[in-house]
There are 2 protein chains.
Amino acid sequence: MVRAGLTTERLVRAGAELADEVGFEQVTVSALARRFDVKVASLYSHLKNSQDLKTRIALLALAELADRAAEALAGRSGKDALGAFADVYRDYALAHPGRYTAARYPLDPGTAAASAGPRHAQLTRAILRGYDLPEPDQTHAVRLLGSVFHGYVSLETAGGFAHSAPDSQESWTRIVDALDSLLRNWPTR
Amino acid sequence: MVRAGLTTERLVRAGAELADEVGFEQVTVSALARRFDVKVASLYSHLKNSQDLKTRIALLALAELADRAAEALAGRSGKDALGAFADVYRDYALAHPGRYTAARYPLDPGTAAASAGPRHAQLTRAILRGYDLPEPDQTHAVRLLGSVFHGYVSLETAGGFAHSAPDSQESWTRIVDALDSLLRNWPTR
DNA sequence: TGCAGCTTCCTAAAGGCTTTAGGCAAACCG
DNA sequence: CGGTTTGCCTAAAGCCTTTAGGAAGCTGCA
């Protein structure tokens with residue numbers, strides 16, 4: 001009996017690839033076992049259950065995304081930072097649809113707090129340093145930016161803007177322009 | 001053998017209620033059969049399969065949402081319309097989380113085109129009449145508004161803003177203010 | 001009223017995914 | 001090299017989906 005060399009780490013990475021290939025919804029413990037040519041039950045030594053697998057893939061995706069965002073923000077500010085950050089999200093979602101879906105898998109509060117989620121908020125806040133908003137407007141703006149990026153990419157990957165003019169890239173560019181303009185002229189009470 | 005009086009219509013409505021109670025993901029043909037105290041196979045005379053059920057719930061939710069949005073927009077314009085429209089989305093999502101999730105269930109292009117989806121775009125465009133944007137900016141703005149509403153509500157129902165100050169309602173109000181301001185000062189090329 | 005035919009719901013069965021329990025063999029470690 | 005740990009296996013139960021085929025209820029027409 002030759003051992004397959006399974007580890008939680010390898011399983012999660014393979015699960016992420018599987019998600020990108022067949023969709024996050026189709027990621028099952030069974031499919032993963034098939035991919036490693038191993039019996040299903042064997043995976044349960046490395047994963048608590050199916051939800052555990054999905055959660056771990058979600059955490060991987062969140063971390064990858066935060067890493068890329070952090071790198072993109074380095075040395076940039078203002079609109080330049082805003083655009084780079086936006087592109088990281090969109091590009092990641094288009095290149096890794098399964099992982100991106102995973103990144104929105106509901107986490108329980110404890111797990112969420114320990115995830116890269118807070119780093120995302122932190123990075124978004126860093127962008128706003130170039131715009132000089134007072135609290136609590138800064139928080140509102142963080143939520144707005146998160147909503148736009150997340151919402152746009154969501155709708156786009158769901159095929160929302162696929163077959164209509166103007167093309168999605170152009171809307172994306174113009175929306176980033178509009179957000180930049182909004183942040184520079186943020187309406188305070 | 002007393003008949004249960006199943007119809008596709010009743011099943012879909014019950015499915016929508018079930019979605020709100022236990023989550024859209026947990027809506028299964030089996031659960032629905034239990035709810036009607038009927039054997040699972042019986043439902044297959046009324047539903048093609050599990051995906052058919054989910055699709056129909058999605059269509060129901062999209063239609064309900066469009067109806068409410070249309071009603072909210074009647075007799076309003078400008079920021080008043082924008083705020084009313086935004087609230088319809090958010091209130092619907094908070095009151096009917098399962099249905100709201102269903103509304104984002106991926107539809108094949110043909111089904112999507114025949115759904116209330118286009119009505120949503122139409123309604124969003126109606127709001128913009130009060131802001132007088134030229135094409136193609138109007139389309140960009142439609143996409144922006146869709147993204148913000150969808151994205152915000154998504155993040156909120158996922159618990160994103162749940163346990164942090166300021167509270168979500170306030171951000172929502174201020175974001176609508178910000179969007180109004182942005183649309184009044186839309187940056188044209 | 002009676003029965004023909006359609007509809008509704010049923011039983012049966014096969015196949016897939018999840019999860020737990022318990023066992024054997026490989027790999028590591030002293 | 002023997003003992004322990006660990007990794008993967010078989011077995012089995014439970015739930016969900018979907019199809020096939022059968023019987024009971026309902027409807028309409030003679």
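Throughout, protein chains are lettered first and strands after them, A, B, ... in sequence-line order, and every chain is numbered starting at 1.
- Ionic pairing of A:D177 and A:R174 is present here: one or more N-O contacts between side-chain nitrogen and carboxylate oxygen are shorter than 4.0 angstrom.
- Closest to the B:Y44 side chain, of the nucleotides D:dT10, D:dC8, D:dT19, is D:dT19.
- Exactly one residue among B:L182, B:D180, B:D137 makes a side chain to side chain contact (heavy atoms under 4.5 Å, CB included) with B:Y131. That residue is B:D180.
- Contact annotation: A:H46 does not reach the phosphate of D:dT6 (side-chain N/O to OP1 or OP2, under 4.0 Å).
- For B:R129, the CZ atom sits in a loose shell: 12 or fewer heavy atoms of surrounding residues, nucleotides or ligands are nearer than 6.0 Å.
- Atoms CG (A:L6) and C1' (D:dG7) sit 8 Å apart, rounded to a whole Å.
- C:dT8 atom P lies 11 Å from atom CG of B:L11, rounded to whole Å.
- Taking OG1 of B:T55 as the reference point, atom OH of B:Y105 lies at 5.0 Å (rounded to 0.5 Å).
- The NZ-P distance, from B:K39 to D:dT17, rounds to 15 Å in whole Å.
- As judged by a 4.0 angstrom heavy-atom cut-off over every strand, B:S45 is placed among the base-contacting residues.
- Comparing atom distances between the B:S42 side chain and each of C:dC17, D:dC16, C:dC10 picks out C:dC10 as nearest.
- If you measure from atom CG of A:L43 to atom P of C:dC17, you get 12 Å, rounded to the nearest angstrom.
- The stretch residues 17-26 of chain B has no heavy atom under 4.0 Å from DNA chain D, so no residue of it qualifies as close.
- Taking a cutoff of 4.0 Å between a charged side-chain nitrogen and a carboxylate oxygen, A:E170 and B:R143 do not qualify as a salt bridge.
- A perpendicular orientation is assigned to the rings of B:H120 and B:Y89, their planes being inclined by more than 60° (bins at 30° and 60°).
- Closest to the side chain of B:S50, from the set D:dT19, D:dT17, D:dT10, is D:dT17.
- Here the C1' atom of nucleotide D:dT19 and the CG atom of B:L47 are 15 Å apart, to the nearest Å.
- Rounded to an integer number of Å, the gap from A:N49 CG to D:dC15 C1' is 16 Å.
- Taking only side-chain atoms of A:A41, from C-beta outward, the nucleotide of C:dA21, C:dT18, D:dC16 with the closest atom is C:dA21.
- Closest heavy-atom contact between A:H46 and A:L6: CE1-O, 3.2 Å.
- Regarding B:D37, its CG atom lies at a distance of 19 Å from the P atom of C:dT8, rounded to whole Å.
- Taking 4.0 angstrom as the limit, B:R34 places none of its side-chain polar atoms (N or O) nearer than this to OP1 or OP2 of D:dC15.
- Spacing between atom CG of A:L53 and atom C1' of C:dT18 amounts to 12 Å, rounded to whole angstrom units.
- Contact between the side-chain N/O atoms of A:S30 and the OP1/OP2 oxygens of C:dT18 is found at a separation under 4.0 Å.
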